[in-house]
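These values consider heavy atoms only, across backbone and side chains, with no hydrogens, waters or symmetry-generated copies.
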Amino acid sequence: MTNMSFDRETLRALADEGNETALDRLADLADTAGDLEQLSELLDEGSMHAGLLLTRRAVAAGDLRALQRVSDAGYEEAGNELDRLLKAPTDGHRL
């Protein structure tokens, strides 16, 4: 099996035609580049993979607001992670 690299324009064209795998690959490229704006746009287009990637980043950063935004955009797991973090025991310090 050959390891192929596809350009962003080809992936975008395929995604625009409804190819979800191409949409996921675009999300992977945006994640690798640290392009949160592009990931958010892909989530808005319905990419649940972009939601997963944004959720992972938000959890790692402890960014509750970002988790809420991702959840509001339709990625349910972000809401679950938000609830988990909010329900976690605190160390006695105020937020």
Side-chain angles (χ1 to χ4, degrees):
M1 198 162 153
T2 305
N3 184 9
M4 300 179 94
S5 177
F6 301 102
D7 65 74
R8 205 176 286 270
E9 292 77 26
T10 299
L11 291 172
R12 179 77 262 169
L14 291 170
D16 288 346
E17 292 174 12
N19 187 307
E20 289 186 34
T21 304
L23 196 61
D24 291 349
R25 292 288 290 275
L26 283 171
D28 287 334
L29 289 173
D31 185 54
T32 299
D35 189 343
L36 299 181
E37 184 177 329
Q38 179 66 32
L39 277 172
S40 293
E41 290 174 10
L42 291 167
L43 176 60
D44 290 343
E45 290 179 42
S47 171
M48 292 299 104
H49 187 60
L52 168 70
L53 297 170
L54 286 165
T55 297
R56 285 183 183 167
R57 286 177 170 271
V59 168
D63 189 340
L64 302 179
R65 289 181 179 164
L67 283 170
Q68 184 66 57
R69 283 192 298 273
V70 175
S71 177
D72 290 347
Y75 186 68
E76 187 176 321
E77 188 60 32
N80 296 339
E81 287 295 323
L82 178 60
D83 286 344
R84 182 184 64 79
L85 290 174
L86 288 171
K87 292 176 182 175
T90 61
D91 59 8
H93 290 98
R94 295 188 64 162
L95 295 177

Check your understanding: By side chain to side chain contact (heavy atoms under 4.5 Å, CB included), which residues pair with Arg12, not counting sequence neighbours?
Key -> Ala15, Asp16, Leu23, Leu26, Gln38, Leu42, Glu45
Practice item. Would you give the length of the straight line joining atom OG of Ser71 to atom CG of Leu64, rounded to the nearest 0.5 angstrom? Key: 12.0 Å
Point to revise | Side chains of Leu39 and Arg57 in contact at under 4.5 Å (non-hydrogen atoms) | key: yes
Review point. For residues 58-69, which residue pairs qualify under salt bridge (Lys or Arg N to Asp or Glu O under 4.0 Å), counting only residues two or more places apart or in two chains?
Key: none
Practice item. Name all residues meeting the side chain to side chain contact (heavy atoms under 4.5 Å, CB included) criterion together with Asn19; count only those two or more places apart in sequence or in a different chain, and write none if there are none. Key: Leu14, Thr21, Ala22
Check your understanding: Considering residues at least two apart in sequence or located in another chain, which fulfil the side-chain hydrogen bond (donor to acceptor under 3.5 Å, both in side chains) criterion with Gln68?
Key -> Asp72
Point to revise | Minimum-distance pair of heavy atoms, taken over all atoms of Leu54 and Val70 | key: CB-CG2, 3.8 Å
Revision key, fill the gap. Interatomic distance, CD@Glu9 vs CG@Leu11, rounded to 0.5 Å, equals 9.0 Å
Practice item. Report yes or no: do Leu53 and Met48 belong to one cluster of Ile/Leu/Val/Met/Phe/Trp/Tyr joined by side chain heavy-atom distances under 4.5 Å? Key: yes
Point to revise | Sequence-distant partners of Leu52, side chain to side chain contact (heavy atoms under 4.5 Å, CB included), two or more places apart | key: His49, Arg56, Tyr75
Review point. For the hydrophobic clusters of this structure (ILVMFWY residues joined by side-chain heavy atoms under 4.5 Å, transitively), does one cluster hold both Leu36 and Leu43?
Key: yes
Review point. What pairs with Glu20 under side chain to side chain contact (heavy atoms under 4.5 Å, CB included), at least two apart in sequence or on another chain?
Key: none
Exercise for review: Check salt bridge (Lys or Arg N to Asp or Glu O under 4.0 Å) between Asp24 and all other residues, then give those that pass, not counting sequence neighbours.
Suggested key: none
Point to revise | side-chain hydrogen bond (donor to acceptor under 3.5 Å, both in side chains) partners for Asn80, two or more places apart | key: Glu77
